[in-house]
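Let me begin by handing over the structure; questions about it come next.
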Amino acid sequence: MSAGFGARLAAATADHGPLCVGIDPHPGLLADWGLPDDASGLREFGLRVVEAVGGRVAAVKPQSAFFERHGSRGVAALEEVLAAARAAGTLTIVDAKRGDIGSTMAAYADAYLRDGSPLAADALTVSPYLGFGSLQPAVDAALETGRGLFVLCLTSNPEGAEVQHARRGAGAGVESVAAHVAREAAQVNAPVVAAGDALGPVGLVVGATIADAAARTGTDLAAVRGPLLAPGVGAQGAGAAELAAVFGDARRQVLASSSRGVLRAGPDADALRAAARAATDEAAQALRG
Ligand SMILES: O=c1ccn([C@@H]2O[C@H](COP(=O)(O)O)[C@@H](O)[C@H]2O)c(=O)[nH]1
């Protein structure tokens, strides 16, 4: 891969708009689509989404949990969906929220961020709650291979606040956990951006549902100089107004993410495409206007 993830994502959003379509094969959606709740159903579901929106949206984001439900066959289906998205020229983000001590994190990095791995994606969601430093092997792999990370920062669920808004440090150095995560990501991105990339490889997950939490926690999203993955659009209730209000100055870094909001239009490919187009237009108006 020649360009870094931040640069590739910036190019993809310039071409297709700031939307990522989540591939979340919920049991209920599989039933609505007339597919069995087994590995063959997952595979068909994922491939139909890629067929409908591949080459038309900036990225797709398979949710690993729904594939893991069906064990090794489910993971094999995820591998096929990733390969199909790659073949369609669409960026892939595996939403697996991995995080562990450094040596185990290195194994996760090998699985999701190394050339030739069957689960390799363009980016991976990771959890910083074993300490941001525990993510270093994944940061190194992302920098080496031109891939990216999205680190959980201010997640879309209300329970996230009890950890992410908590204060750490002492004296003048007191800051929220979310602000600390953002500052650590900014430090990795700074040299990459200084070298000319539009965005660095370490992004954050910041829910479109968090209202004014970035300001309340002192989290400087624009300063991260990395992409901001914004789940919560559609089924969780956020739309254009929320995207514009949450991200303010950082709005050009945002990749809005919608799963059920698009997937409920399926299984018809034209209907899926139309739902993705409408969600893209709404996000573009909120974030690029
Ligand atoms: O803060 C977060 C982080 C990840 N997610 C994931 O995004 C999708 C949302 O699905 P919708 O159907 O669009 O609600 C899902 O895979 C979550 O695990 C999130 O929602 N919030």
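Numbering of ligands and ligand atoms starts at 1, following listing order.
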Pick whichever of Gln63, Lys61, His26 has a heavy atom sitting closest to atom 18 (O) of ligand 1. Gln63
Between Thr155 and ligand 1, does any nitrogen or oxygen pair lie at a separation below 3.5 Å? no
Does any pair with a residue in residues 219-233 pass side chain to side chain donor-acceptor pair (under 3.5 Å), and if so which ones, sequence neighbours excluded? Thr217-Thr219
Any idea which protein heavy atom is nearest atom 15 (C) of ligand 1, and the distance to it?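 Protein heavy atom at minimum distance: Asp24 OD2, 3.2 Å.
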Protein contact to atom 6 (C) of ligand 1 [nearest heavy atom, distance to 0.1 Å]: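 Residue, atom and distance for the closest contact: Asp95 OD2, 3.4 Å.
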Residue part near ligand 1, for Ser156, under 4.0 Å between non-hydrogen atoms: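 It is both parts that get close, each with some atom under 4.0 Å.
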Counting only nitrogen or oxygen atoms and a 3.5 angstrom limit, does Ser258 reach ligand 1?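 For ligand 1, there is no N or O atom that lies under 3.5 Å from one belonging to Ser258.
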Answer yes or no: is there a side-chain heavy-atom contact under 4.5 Å between Phe67 and Val75?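 Not in contact.
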Roughly how far, to the nearest 0.5 Å, is CG of Leu143 from CG of Leu113?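 Separation between the atoms: 10.5 Å.
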Using only heavy-atom distances, determine whether the side chains of Thr209 and Gln236 contain a donor-acceptor pair under 3.5 Å.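 No, because no side-chain N or O of Thr209 sits under 3.5 Å from a partner of the opposite role on Gln236.
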To check your reading of the model: name the closest protein heavy atom to atom 13 (O) of ligand 1, its residue, and the distance in Å.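 Of the protein heavy atoms, Ser259 N, 2.9 Å lies nearest.
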Atom CD of Glu68 with >12 non-hydrogen neighbours under 6.0 angstrom: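 Buried by this count: over 12 neighbours within 6.0 Å.
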Hey, is CZ on Arg216 packed in by over 12 heavy atoms from elsewhere, all under 6.0 Å?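 Yes, CZ of Arg216 has more than 12 neighbouring heavy atoms, counting only those of other groups under 6.0 Å.
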N/O separation below 3.5 Å, Asn157 to ligand 1: no
So if I count the atoms of ligand 1 from 1 in the order they appear, which ones are less than 4.0 Å from some heavy atom of Arg260?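 What qualifies from ligand 1 is 11 (P), 12 (O), 13 (O), 14 (O).
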For ligand 1, which is the ligand I care about here, please tell me if Gln236 has any N or O atom under 3.5 Å from one of the ligand's N or O atoms.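 Yes; at least one N/O pair falls below 3.5 Å.
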Measure the distances from the heavy atoms of Val205 to every atom of ligand 1 and state whether one is below 4.0 angstrom. yes
Side chain to side chain donor-acceptor pair (under 3.5 Å): which pairs involve residues 11-34, sequence neighbours left out?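 Output for this query lists Asp24-Ser259.
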Using a 4.0 Å heavy-atom threshold (strictly under), name the region of Leu263 that reaches ligand 1: side chain, backbone, both or neither. neither
Could you tell me whether Asp249 atom CG has more than 12 heavy atoms of other residues or ligands within 6.0 Å of it?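 No, the 6.0 Å shell around CG holds no more than 12 heavy atoms from other groups.
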If you have a sec, work out which protein heavy atom is nearest atom 4 (C) of ligand 1 and how many Å separate them, to one decimal? Lys97 NZ, 3.3 Å
Can you give me the closest heavy-atom contact between Val206 and Phe247, atom names plus distance?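 For Val206 and Phe247, the tightest heavy-atom pair comes out as O-CZ, 3.4 Å.
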